[in-house]
*Asks:* 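Structure provided below as C-alpha cells; questions to follow.
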Amino acid sequence: MATSNQSYKNLSGSYLFPEIARRTKAFAASHPKAKIMRLGIGNTTEPLPPSIVKGLSSGVKKLSNIKTYSGYGDEQGNTELRRRIAEVKYKKAAEKIEADEVFVSDGAKSDTANIQELFSQDSIIAIQDPAYPVYVDTNVMAGRTGKAKENGQYEGIVYMPCTEQNNFFPELPHKKVDIIYLCSPNNPTGAVATKEQLKRFVGYALENEAIIIFDSAYERFIADKKLPHSIYEISGAKKCAIEINSFSKEAGFTGVRLGWTVVPKTLVTEDGASLNAMWNRRQTTRFNGASNISQEGGLAALSAKGLKETQKVIDLYMNNAKVIRKGLESIGIKCYGGVNAPYIWIKCPKGMKSWDFFNKLLEECHVACTPGSGFGPSGESFVRLSAFGHPKDIREAVESIKKNLKI
Ligand code: PGU
C-alpha cells in the first residue's frame, strides 16, 4: 500500500499566493461591480522590450529550419548564456565566477526549492523572518522540521527576525546552523543588505562551515551605488555561498521562465563533498534544461541593448513604488522598502493583524495586497504591496486607498 510523505502533514496551510488569489476571487464573486486592483503577487505587467522579443523570435525561427533546429540542450544551460551570465552579472565579484559554475534553470522558484536536497536531513536551517515562503515550506516538505508551533514557527528551524528594530536585517544566528537563507533585496521587506552586513554572514559561514543560499532575484532594482548586487562581491563568499537569480522580474520573464544558480567549484561541505558536482549530478538527472527559446531571450536580455531596455521597465516599476510610498505616507501610513526593491512593506495602522488589514484594504478600497504574516511570524501586522503593475492601475489603487481607507 502506498503511504504519503508524512512531512506534508506538517505544513500549516496552503501556499500563500494561491490563498490570496482564492480570497480575492471570492470577494470579486460577491462584489461583481468592484474593480479589484491586484498589488498582491509580484507579477510583471509590462510587455517585453524589442530586443528580447527579437531574441525569443530568433529562438523560434531556429526551430523552424532543418539546419538550425535543436532538441534537448545541455542540462546545465546554453554555453554562451552561462558565459554571458558569469561575465555580465558577476563583474564586481571578489573572486571570478566561471561559466561552469552557472547552472541555467526554468526560474528561481524551483532552484530555491530544490537546492535543499543537496544537504543532509539533519542540517539545521536558519531563515530570515519574514521570508519568501518557498524556503521554509520546502524544508518542511523535506522533513527537516516538526509541526508549526502556536507562535507560527516550525519546530527545528532557526528564525532570524527582521524587524523595524534591526532595520529588517537579522543578527547572526544565535546558535550554530548549517544552512542560511538570505534574500537581498528582500522579499517581502524591501530592505537591502549592505556590504558590511553580508561580510558578517560570510565570516560566520566560513567560521562555522555553514552554507549561505543567497537569493538575489531583485538585484537589478538596487539604485543605491554603494549596495552590493551579489554575495560574491564579498571576499570569501565563493567558499561558502550559492547564489540564485532570475530573469523574471528584471526582464519580464515571469511567464517565459528562466533563471540560474551559481554553485562555485570551491564550495565544499564539512564532509568534503563538492556542491558543484552534486548540483550537476542533480540537474542532469532531474532536469532536461531550460527552454531553448527562453535561453535565446535570456541572451538578448543580457546584451547591451537588452540591458538598456530592461532598465527602462525597471525604472517604470520603481516609479510605481515611489507613487505607492508617497500616497500611503500622505495619509500617515508607515512604509518601508520600495527604494531599492519593488516591494513596499507597510505597517498596518493601529496594530491591526495582517489578514484583518488585507480584508479591510480589499473591502474598503478594492486593493489586494499580501499579508505579512504569510511570510513568517515576524511579518505579522505588516502587509506587502507590489510595485509591479501598469502605472495607471497603481495610481488608481493609491487614490482608492487615500479616498476610501477608514483609519
Ligand atoms: N525568489 C524570490 C525572492 C521571489 O520573490 C520570487 C517570486 C522567486 C524567487 C521566483 O522567481 P521565478 O524565477 O519567477 O521562479 N516571488 C513572487 C511570486 C510568488 C511565487 O510563488 O513565486 C512574489 O510575489 O513573492
Side-chain angles (χ1 to χ4, degrees), residues 11 13-22 24 38-45 48 77 85 89 103-116 127-138 141 162 168 181-193 212-222 229-231 242-262 287 290-291 294-295 297-298 301 310 317 320-321 337-338 340-345 358 368-376 379 382-389:
L11 290 165
S14 43
Y15 184 60
L16 178 62
F17 294 99
E19 178 60 19
I20 292 164
R22 190 187 66 74
T24 310
R38 291 179 165 78
L39 273 60
I41 189 162
N43 205 356
T44 49
T45 55
L48 295 173
I85 290 171
K89 301 300 272 190
F103 293 82
V104 177
S105 71
D106 63 349
K109 188 173 190 169
S110 26
D111 284 357
T112 49
N114 294 332
I115 201 80
Q116 48 76 29
I127 295 190
Q128 282 175 287
D129 172 26
Y132 180 44
V134 173
Y135 316 146
V136 169
D137 288 7
T138 54
M141 289 168 170
C162 299
F168 303 102
Y181 287 83
L182 290 178
C183 175
S184 176
N186 190 264
N187 175 13
T189 66
V192 185
I212 297 171
I213 297 167
F214 190 75
D215 186 339
S216 56
Y218 300 97
E219 62 83 15
R220 284 282 303 280
F221 293 81
I222 297 175
H229 288 243
S230 160
I231 190 137
I242 289 171
E243 183 162 305
I244 300 174
N245 204 332
S246 169
F247 286 89
S248 280
K249 314 295 162 99
E250 68 171 66
F253 276 40
T254 40
V256 177
R257 308 304 306 143
L258 195 67
W260 72 90
T261 287
V262 177
F287 183 58
S291 145
S294 302
Q295 295 192 75
T310 49
Y317 291 133
N320 287 344
N340 293 292
Y343 295 124
I344 298 93
W345 189 235
F358 169 90
C369 66
T370 306
S373 55
F375 297 98
F382 283 86
V383 298
R384 188 194 80 176
L385 285 182
S386 158
F388 294 105

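In each ligand, atom 1 is the first atom listed, and ligand 1 is the first ligand listed. Throughout, numbering of the chain's residues begins at 1 and tracks the sequence. Worth knowing before you read on, the calculation uses all heavy atoms, side chains too, and leaves out hydrogens, waters and symmetry mates.
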*Asks:* Could you list which atoms of ligand 1 come closer than 4.0 Å to a heavy atom of Tyr135?
*Replies:* 3 (C)
*Asks:* So, 4.0 Å and heavy atoms of Asp215: is ligand 1 close enough to count as a contact?
*Replies:* yes
*Asks:* Which atoms of ligand 1 sit under 4.0 Å from any heavy atom of Ser248?
*Replies:* 12 (P), 13 (O), 14 (O)
*Asks:* Pair Phe103, Trp260 - check side-chain contact (heavy atoms from CB on, under 4.5 Å), show working.
*Replies:* CA-CA 5 Å; Phe103 293 82; Trp260 72 90; over 6 Å; no
*Asks:* Taking 4.0 angstrom as the limit and counting only heavy atoms of Ser246, give me the atoms of ligand 1 inside it, by number and element.
*Replies:* 12 (P), 13 (O)
*Asks:* Check for me whether the distance between the ring centres of Tyr218 and Tyr343 falls short of 6.0 Å.
*Replies:* yes
*Asks:* Apply side-chain contact (heavy atoms from CB on, under 4.5 Å) to the pair Ser216 and Asn245, showing each step before the final yes or no.
*Replies:* CA-CA 5 Å; Ser216 56; Asn245 204 332; 3.2 Å; yes
*Asks:* Going by the order shown, which atoms of ligand 1 are within less than 4.0 Å of some heavy atom of Gly42?
*Replies:* 23 (C), 24 (O)
*Asks:* Tell me if a side-chain donor or acceptor on Thr189 pairs with a main-chain N or O of Asn186 at a distance below 3.5 Å.
*Replies:* no
*Asks:* So which atom in Tyr317 and which in Thr45 form the shortest heavy-atom distance, rounded to 0.1 Å?
*Replies:* OH-N, 2.9 Å
*Asks:* Students should be able to answer this: which protein heavy-atom is nearest to atom 10 (C) of ligand 1, and at what distance?
*Replies:* Tyr132 OH, 3.3 Å
*Asks:* Which residues pass the salt bridge (Lys or Arg N to Asp or Glu O under 4.0 Å) test with Lys89, sequence neighbours left out?
*Replies:* Glu219, Glu250
*Asks:* How long is the gap from CZ on Phe214 to OG on Ser184, to the nearest 0.5 Å?
*Replies:* 4.5 Å
*Asks:* Scan side-chain atoms only and decide if Arg384 and Asn187 contain a donor-acceptor pair under the 3.5 Å cut-off.
*Replies:* yes
*Asks:* Nearest to atom 16 (N) of ligand 1, what protein heavy atom do you find, and at what distance?
*Replies:* Lys249 NZ, 3.4 Å
*Asks:* Yes or no: does Cys183 have any heavy atom under 4.0 Å from an atom of ligand 1?
*Replies:* yes
*Asks:* Can you name the nearest heavy-atom pair linking Val104 to Gly77, along with the distance?
*Replies:* CB-CA, 3.8 Å
*Asks:* May I ask you to identify, for Tyr343, whether its side chain, its backbone, both or neither come under 4.0 Å of ligand 1 on a heavy-atom basis?
*Replies:* side chain
*Asks:* For ligand 1, is there an atom lying under 4.0 Å from some heavy atom of Phe253?
*Replies:* no
*Asks:* Which part of Ile41 is near ligand 1, with near meaning a heavy atom under 4.0 Å away: side chain, backbone, both or neither?
*Replies:* both
*Asks:* For Arg384, which part has a heavy atom under 4.0 Å from ligand 1: side chain, backbone, both, or neither?
*Replies:* side chain
*Asks:* Judging by distance only, is a nitrogen or oxygen of Thr112 under 3.5 angstrom from one on ligand 1?
*Replies:* no
*Asks:* Please report whether the ring centroid of Phe388 lies less than 6.0 Å from that of Phe221.
*Replies:* yes
*Asks:* Quick check on Tyr218 - does any of its heavy atoms sit under 4.0 Å from an atom of ligand 1?
*Replies:* yes
*Asks:* Checking Thr261 against Ile242 for the side-chain contact (heavy atoms from CB on, under 4.5 Å) test, could you report, in this order, the C-alpha distance in whole Å, the side-chain angles of both residues, the deciding distance, and whether it holds?
*Replies:* CA-CA 7 Å; Thr261 287; Ile242 289 171; 3.7 Å; yes
*Asks:* Does ligand 1 come near enough to Asn187 that some N or O of the ligand is less than 3.5 Å from an N or O of the residue?
*Replies:* yes
*Asks:* Less than 3.5 Å between some nitrogen or oxygen of Ser110 and one of ligand 1, yes or no?
*Replies:* no
*Asks:* State the atoms of ligand 1, each with its element, that fall below the 4.0 Å cut-off from a heavy-atom position in Gly107.
*Replies:* 13 (O), 15 (O)
